[in-house]
Amino acid sequence: MKIISRRDFLTLTAIAGSSIVLPIALQNRGYAQNGKSQTVQPFTLPFRTPPVLKPIRSDRTTDYYQITMRPARVEFFTGVKTAIWGYNGMFPGPTIKQRKDRQSVVRVINNLSRSTSVHLHGMASQPQYDGYAEDFISPGYYKDYVYPNNRAANFWYHDHMMHQSARNVYMGLAGMYIVQDDAELSLPLPKDAYDIPLIIHDKQFASDGSLIFNDQGQITLMGDVITVNGVPWPRMEVANRKYRFRVLNASISRSYRLALSTGNDLIVIGTDSGLMSAPVTTQDMRIGTAERYDLIIDFSQYPIGTQVVLQNLQLPNNDNYDNTDKILRFDVVRTESDNSSIPSTLSDIQPIPESSAVRTRNFSFDLQNGLWVINGNGWSRDRIDANPQLEDVEIWNLEHDSSNSFHLIHLHLIDCQILDRNGQPPFPYERGFKDVFYVGENETVRVIGRFRPNAGKYMFHCHNIVHEDHDMMSQFQVGQGGIDPLSAPPRRLPARPL
Ligand code: C2O
Ligand code: CU
Ligand code: CU
């Protein structure tokens, strides 16, 4: 039924020549403007950061963590309770901070009434710990995930349940996971209280505070409330110095074009998979779902009392509501000395030469007969769409021939670099290692990467999670064999001691 109505709807909008999402978006906007949906005046709620999760125990090589997925009622708005499904009952979940080359074992207990799969996005996990969409934790079960932490970067953990990830992440199942190494820690960048995660995620609330999940007929999900670390449009008091912000777009579908209201530059120091070789300045930048950018904002140029809004400039195929052009506000309230600096060399990463690639593969991302597909196919556990050998370098040509949508293409396991987009160099701020690639309207993006360090089956998909669920997801197989993703199934509770 849904497929037929969606197809009719698409035909209708094609005739009207307008954006796919416009009619429903207008309906939503009416809903918000009638005062029926729950919202708040931007920049009235205080900024906060998610708590850092302490290990239950540690030994010489490994830290052991435990997280329970459970329903909870939390306050997005003062005095209004909203039902969520959260890691430890929070949205976002607690942040895990780890050191490179220490191992993590994260036990995840499912006290929800639905199945989930937990993926640590960006980590080169073994296949049985990668949150394979069909390796799900049923209610009343738990699973111990093992993570090698073999590079320093900003990761995030989130639900990856077959066909259900959008709803599960929307309801709260997402959190940040930061790995640091000695090289990064030895740099004079802002640290500790000046090194802050910004997890951006849009939502829509009914007047009673409950979450509205509206994927516009399995097309896309656009909230009218922008949250940062679970707070709608927070206000953050800052000192007149440099801060480091680890920005994660944890939205289901929405992308943002970040810019400062003062017109000053954003200083980009890192991409999805770690620090860039050198800092890059930009007036504005787009960040699609699942992308991470490490930014420095220098507030020393502002007098005390200055208000600096992190804005969201327009991007096509993202629905606008009254306040979706803003994200958060920094209020410069105090003077502090600043001994941090931004070194001109941040890391020793090198471009992967195009000549090192042993083959090129083409993948096209389309809407066909009401389903989002890759080379015409949806997900099948039994189909493998690429079989690079271990250590092979390949070029993947990611093609999108439509102006009605955009895609954020994510490869599990590996990090890649963008060679070009429509034949042009990538944006300067994209010139680091990444695992998510913004394939915008009528864009073809060529990426290059080395398939390592593990053999086995890994998923790749669009990270607009509505697209991923229906059914823009496939898998590649590195080398021969490898560990079966279903070989470490979740166990029934009660759990044995960790
Ligand atoms: Cu962020 Cu396959 O996921
Ligand atoms: Cu991933
Ligand atoms: Cu997509």
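In listed order, ligands and their atoms are each counted from 1. Worth knowing before you read on, the calculation uses all heavy atoms, side chains too, and leaves out hydrogens, waters and symmetry mates.
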Determine which of the N, O or S atoms in H410 is closest to the Cu ion (ligand 2) and give its atom name.
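In H410, the heteroatom (N, O or S) nearest the Cu ion (ligand 2) is NE2.
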
Backbone or side chain, does H463 get an N/O/S atom under 2.8 Å to atom 2 (Cu) of ligand 1?
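H463 does not place any N, O or S atom closer than 2.8 Å to atom 2 (Cu) of ligand 1.
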
Could you pull out the atom name of the N/O/S atom in H160 that is nearest atom 2 (Cu) of ligand 1?
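H160's closest N, O or S atom to atom 2 (Cu) of ligand 1 is named NE2.
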
Metal site angle (apex atom 2 (Cu) of ligand 1), NE2 from H461 and NE2 from H412, 10 degrees:
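Angle NE2(H461)-atom 2 (Cu) of ligand 1-NE2(H412): 110°, rounded to 10°.
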
Please check if the distance between the ring centroids of F91 and H201 is under 6.0 Å.
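For F91 and H201, the ring centres are under 6.0 Å apart.
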
Among the N, O or S atoms that H121 has, which is closest to atom 1 (Cu) of ligand 1?
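Considering only N, O and S atoms, H121 comes nearest to atom 1 (Cu) of ligand 1 through ND1.
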
Would H463 count as a contact for the Cu ion (ligand 2), in the sense that one of its N, O or S atoms lies under 2.8 Å from it?
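No - counting backbone and side chain alike, H463 has no N, O or S atom under 2.8 Å.
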
salt_bridge(E354, R446) N-O dist < 4.0 Å:
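Salt bridge: yes.
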
Salt bridge check: are R99 and D101 linked by an N-O gap of less than 4.0 Å?
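No salt bridge links R99 with D101.
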
Counting backbone and side-chain atoms alike, does H410 have an N/O/S atom under 2.8 Å from atom 1 (Cu) of ligand 1?
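No.
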
Distance check below 2.8 Å: does H119 bring an N, O or S atom to atom 1 (Cu) of ligand 1?
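Given the 2.8 Å cut-off, H119 does not count as a ligand of atom 1 (Cu) of ligand 1.
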
Using the salt bridge (Lys or Arg N to Asp or Glu O under 4.0 Å) rule, pick out the option among R361, R359, R450 that qualifies with D392.
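Going through the options one by one, the only one that passes is R359.
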
Is the terminal nitrogen or CZ of R286 (NZ for Lys, CZ for Arg) located under 6.0 angstrom from the six-membered ring centre of Y438 and within 45° of that ring's axis?
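Yes.
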
Could you tell me how the ring of Y145 sits relative to the ring of Y129: parallel (under 30°), tilted (30 to 60°) or perpendicular (over 60°)?
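Ring orientation, 0 to 90° scale: perpendicular.
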
